[in-house]
Amino acid sequence: MTSISSAATIDGNLKIDGDVKIDGTVKGTVSSKGKVIIGTSGLIEGDILCQHAEVSGKVNGKLKIADILFLKSNARVDGDIHTGKLVMESGVQ
């Protein structure tokens with residue numbers, strides 16, 4: 001699994017063949033053939049395209065998840081969601 005730490009900022013698109021965990025900031029599209037995990041300190045300013053996603057942080061953009069999107073209680077999403085299955089904890093905004 002690729003990991004982006006909370007101290008990191010990526011200004012551009014991120015394309016990964018496997019899984020990725022993001023605790024930092026990405027300003028651009030995140031594409032993965034696997035799972036995308038956004039930690040509580042993670043911020044995505046762009047779209048997310050992947051098979052599975054788990055969001056605990058903030059996303060400002062569209063989410064196109066082929067299979068399951070899991071929104072944890074701390075998740076904040078400002079954008080459209082397209083997914084096969086959606087699981088949400090109480091407290092999601």
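As a basis for the values below, the full set of heavy atoms in this structure was taken, side chains included, without hydrogen atoms, waters or symmetry mates.
Without hydrogens or angle criteria, D67 side chain to Q51 main chain gives no donor-acceptor distance under 3.5 Å.
Criterion: ILVMFWY side-chain heavy atoms under 4.5 Å apart, direct or through other members. Under it, L14 and V55 are part of a common hydrophobic cluster. In the hydrophobic clustering of ILVMFWY residues, with side-chain heavy atoms under 4.5 Å counting as a link, I68 and L86 come out apart. Both V20 and V77 sit in one connected hydrophobic cluster of ILVMFWY residues. Membership requires side-chain heavy atoms under 4.5 Å apart, directly or through other members. Tracing side-chain contacts under 4.5 Å through hydrophobic residues (I, L, V, M, F, W, Y), one never reaches I38 starting from V87; they form parts of separate clusters.
Legend: salt bridge (Lys or Arg N to Asp or Glu O under 4.0 Å) pairs involving residues 78-93, not counting sequence neighbours: none detected. Screening residues 7-21 for salt bridge (Lys or Arg N to Asp or Glu O under 4.0 Å) gives D17-K33, K21-D23 as the qualifying pairs, with residues at least two apart or on separate chains.
For K35, the salt bridge (Lys or Arg N to Asp or Glu O under 4.0 Å) partners are E54, not counting sequence neighbours. A search for side-chain contact (heavy atoms from CB on, under 4.5 Å) contacts involving A8 returns I4, S5, not counting sequence neighbours.
The CD1 atom of I16 sits 4.0 Å away from the OG1 atom of T2 when rounded to the nearest 0.5 Å. Annotation: the span from L69 atom CG to M88 atom CE amounts to 9.5 Å, rounded to 0.5 Å. The NZ atom of K64 sits 6.5 Å away from the NE2 atom of H82 when rounded to the nearest 0.5 Å. Note that CD1 of I44 and CD1 of I22 are 4.0 Å apart. Values are rounded to the nearest 0.5 Å.
The heavy-atom pair separating S73 from S90 by the smallest distance is CB-O, 3.1 Å.
Cluster partners of M1 are I37, counting Ile, Leu, Val, Met, Phe, Trp and Tyr whose side-chain heavy atoms approach within less than 4.5 Å, directly or via other members.
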Hey, mind stepping through I81 and I65 against side chain to side chain contact (heavy atoms under 4.5 Å, CB included) and telling me if it holds? CA-CA 8 Å; I81 296 174; I65 315 303; 5.9 Å; no
Under 3.5 Å, which donor-acceptor pairs link side chains of residues 24-32 to any protein atom two or more places apart or in another chain?
{"unit_1": "S32", "atom_1": "OG", "unit_2": "G18", "atom_2": "O", "d": "2.6"}
{"unit_1": "S32", "atom_1": "OG", "unit_2": "G34", "atom_2": "N", "d": "2.9"}

